[in-house]
Amino acid sequence: MIAIRNVSKVYEGTKNPAVRDLSFDVPTGEVVALIGPSGCGKSTTMRMVNRLVEPDSGTISIDGEDVRSLRPETLRRHIGYAIQGVGLFPHWTVAQNIGVVPGLLQWDRTRIAERTHELLDLVGLDPAVYADKHHDELSGGEAQRVGVARALAADPPVLLMDEPFSAVDPLTRDRLHAEFRKIQSALRKTVLFVTHDMDEAAQLGDRIVVMRDGGLVQQDTPERVLAYPVDDFVASFGGTERALRRLSLAPVTEALYTPNTAGAEGPSVASTASLREALAIILKAGLPSIPVRDGDGAVVGAVSVESIVERFRRPLT
Amino acid sequence: MSRIRHLAAPVAAAAAYLVIAAATPAWRQVLGAVFPGESRLLYPDATPLALVWQHLELVLISSALSVAAGLALGVFVTRPAGADFYGVVADLTNLGQTFPPVAVFTLAVPLLGFGLRPTVLALALYGVLPVLRNTISGIEGVPADVLESASELGMRPWQRLLRVELPIALPVIMAGVRVSVIVNVATATIGAIAGAGGFGAPIINGLVNLAPAITLEGALLAAGLALTLDALFGGVERTIAHRERAAATAR
């Protein structure tokens, strides 16, 4: 767990603190998305975790250990870090880039080579094709994947990600999001993720921390942040369509009712789908309700426009 | 194999240069043909090949000093601890290059005596600027996000310098070394004034004794050496560039 306690930071030559009395946790194995407008202090907060920036007051600890008890370089070798600009070393191959932290930790060559191949597979890049390429031969999306692989290289328990997917086109970003979720569900890292995009925060975060002017405004699950914004600022961050965003966060099972009244014929939706997918199928079919099928194809109930509206009317726990 | 490819032609050229320099009778014949009726065709105190070795000694020692000083100063002023000295070092080095080498010899002779040492000092001072300038611009040309990520991944400052900054700056630094050494080949001819030998000796001998053939001998040898070293550096630069690309194109 990353524990941030009463942390403040004022940069030299500025009046207003970049971060003021900030406290929140990133629970072990969870993704916390830190969101806010430019200059709200979210990147500063992240950079204080691996001591690229030192706080003026307050403490930051990882699994109970104060980050100031370690040398900055030692600390950083045990924290994965992926950033928007990627910062791949242009004079090294993809494999050398991924192997840099294991190299600093003095792993032997064969172990580094094995790990590099494993990670390229993990981020969906064929090692036979990509291991020996250079940065200038990669597309933006491929470079971001290499950046994520490099952050994961030494299998750090904690990952810091500063808008790592913001420099790629929307299609690639969606695919990278899906892959990140898949990787995270397998690896269960403790991730602090900085973004200014509510969609990204809602997609990837188990929890969202909203910041403004260096302070914490709200922290909660993505759906609750969208459903119950504490003020107009958070509401505006969710956008006018925040109810629609919520659709993709809730599983279809939350609007499921039995017995199935929609009949077993015609279009249906999988029980693992989101309400957004269910509503899309309902609208496309032009039907008031459709059956829901489980992994084996058996009908387990139905979902309707009314049941979705009902789900939204219920208060969230 | 392909790594050697870029060096094959320059090395052949260097060998050819030495073979030609060693062919003393041929020099006499050619210069005799250019200056018919001239009896003083070759520098009397040393063979062309001996002049090459003398000149190379001057150039290699002084260039090694220039490169060491230029690299060290360039690295120093681009560190946080040395940033304050950036302006001073740049000014001093500019001064080093604007100060005529002949004057440096003259001023150095009372301190260091005649011969190799004042010459090497003057040439080394004169050759620092291109190396220093390119070391600084090469290191400053390393992209900021690359430097950032080196720190973020946990490299110590010296690891960042050796593994990231210098390798990325290497092509630019090499270009500076190339300029420094090539200019040095021509400048080193002045060393003859201080009695350091080299190609300056026949050039001045020909001038003093009104024997143009001897001056031409020294000038041709100097020009040939400059071209040969330039080709060698070109080969090294292409090898460096090639090495960075080799892995990528191998598949």
Side-chain angles (χ1 to χ4, degrees), chain A residues 43 46-47 49-53 70-105 126-138 143 146-147 150-151 153-154 156 160-162 164 167, chain B residues 1-3 6 71 75 78-81 83-84 134-135 137-176 236-251:
Chain A
S43 288
M46 166 166 289
R47 293 164 70 83
V49 174
N50 64 356
R51 296 186 62 190
L52 289 164
V53 175
L70 292 170
R71 250 178 106 146
E73 289 89 358
T74 313
L75 175 74
R76 288 172 203 155
R77 289 172 196 177
H78 294 94
I79 297 178
Y81 197 88
I83 52 166
Q84 180 184 352
V86 188
L88 292 184
F89 300 116
H91 58 307
W92 285 344
T93 63
V94 164
Q96 287 173 310
N97 266 284
I98 295 174
V100 62
V101 178
L104 290 169
L105 293 170
D126 180 359
V129 176
Y130 288 94
D132 293 331
K133 280 189 189 266
H134 280 75
H135 187 189
D136 55 10
E137 299 165 290
L138 301 175
V146 175
R150 185 172 68 175
L160 304 177
M161 307 182 91
D162 194 348
Chain B
M1 280 307 290
S2 53
R3 186 183 288 198
H6 297 296
L71 262 180
V75 167
T78 51
R79 299 308 96 192
D84 292 343
N134 281 39
T135 301
S137 66
I139 288 176
E140 286 180 341
V142 178
D145 63 331
V146 171
L147 288 179
E148 281 247 314
S149 65
S151 301
E152 288 156 1
L153 293 168
M155 286 193 198
R156 302 226 157 88
W158 59 270
Q159 290 172 322
R160 193 173 84 163
L161 173 69
L162 293 182
R163 298 187 189 191
V164 178
E165 293 177 77
L166 287 179
I168 292 176
L170 187 62
V172 180
I173 295 174
M174 278 307 297
V236 171
E237 280 176 26
R238 279 191 295 278
T239 306
I240 293 169
H242 184 76
R243 190 182 59 201
E244 287 177 359
R245 287 282 138 261
T249 49
R251 288 170 193 276

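Here is how names work: the chains are called A, B, and so on, in the same order as the sequence lines, proteins then strands, and each is numbered from 1.
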> Could you state the interatomic distance from CZ (Arg156(B)) to CG (Leu104(A)), rounded to the nearest 0.5 Å?
Replying inline: 8.5 Å
>> Using every non-hydrogen atom in the two residues, find where Glu73(A) and Pro157(B) come nearest and quote the distance to one decimal.
In response: OE2-CD, 3.8 Å
> With no hydrogens and no angle check, is any side-chain donor or acceptor of His91(A) less than 3.5 Å from a backbone partner on Arg163(B)?
Replying inline: yes
> With respect to chain B, which residue among Val94(A), Ile83(A), Val100(A) yields the maximal number of heavy-atom pairs within a distance under 4.5 Å?
Replying inline: Ile83(A)
>> Is Glu148(B) in contact with chain A via its backbone, its side chain, both, or neither, using a 4.5 Å heavy-atom distance?
In response: side chain
> Got Arg76(A) and Met155(B) here, is their nearest side-chain heavy-atom distance under 4.5 Å?
Replying inline: no
> Is it the side chain or the backbone of Arg51(A) that comes within 4.5 Å of chain B heavy atoms, both, or neither?
Replying inline: neither
> Does any heavy atom of chain A fall under 4.5 Å from the side chain of Ala144(B), the backbone, both, or neither of them?
Replying inline: neither
>> Taking side chain as everything from C-beta outward and backbone as N, CA, C, O, which of these in Leu88(A) sits under 4.5 Å from a heavy atom of chain B? Side chain, backbone, both or neither.
In response: backbone
> What residue in Leu52(A), Thr74(A), Leu75(A) has the most heavy-atom pairs under 4.5 Å with chain B?
Replying inline: Leu52(A)
> After noting the C-alpha distance and the side-chain angles of Ser149(B) and Tyr81(A), does the key distance pass the side chain to side chain contact (heavy atoms under 4.5 Å, CB included) rule?
Replying inline: CA-CA 8 Å; Ser149(B) 65; Tyr81(A) 197 88; over 6 Å; no
> Which heavy-atom pair separates Glu152(B) from Asn50(A) by the least distance, and what is that distance?
Replying inline: O-ND2, 4.4 Å
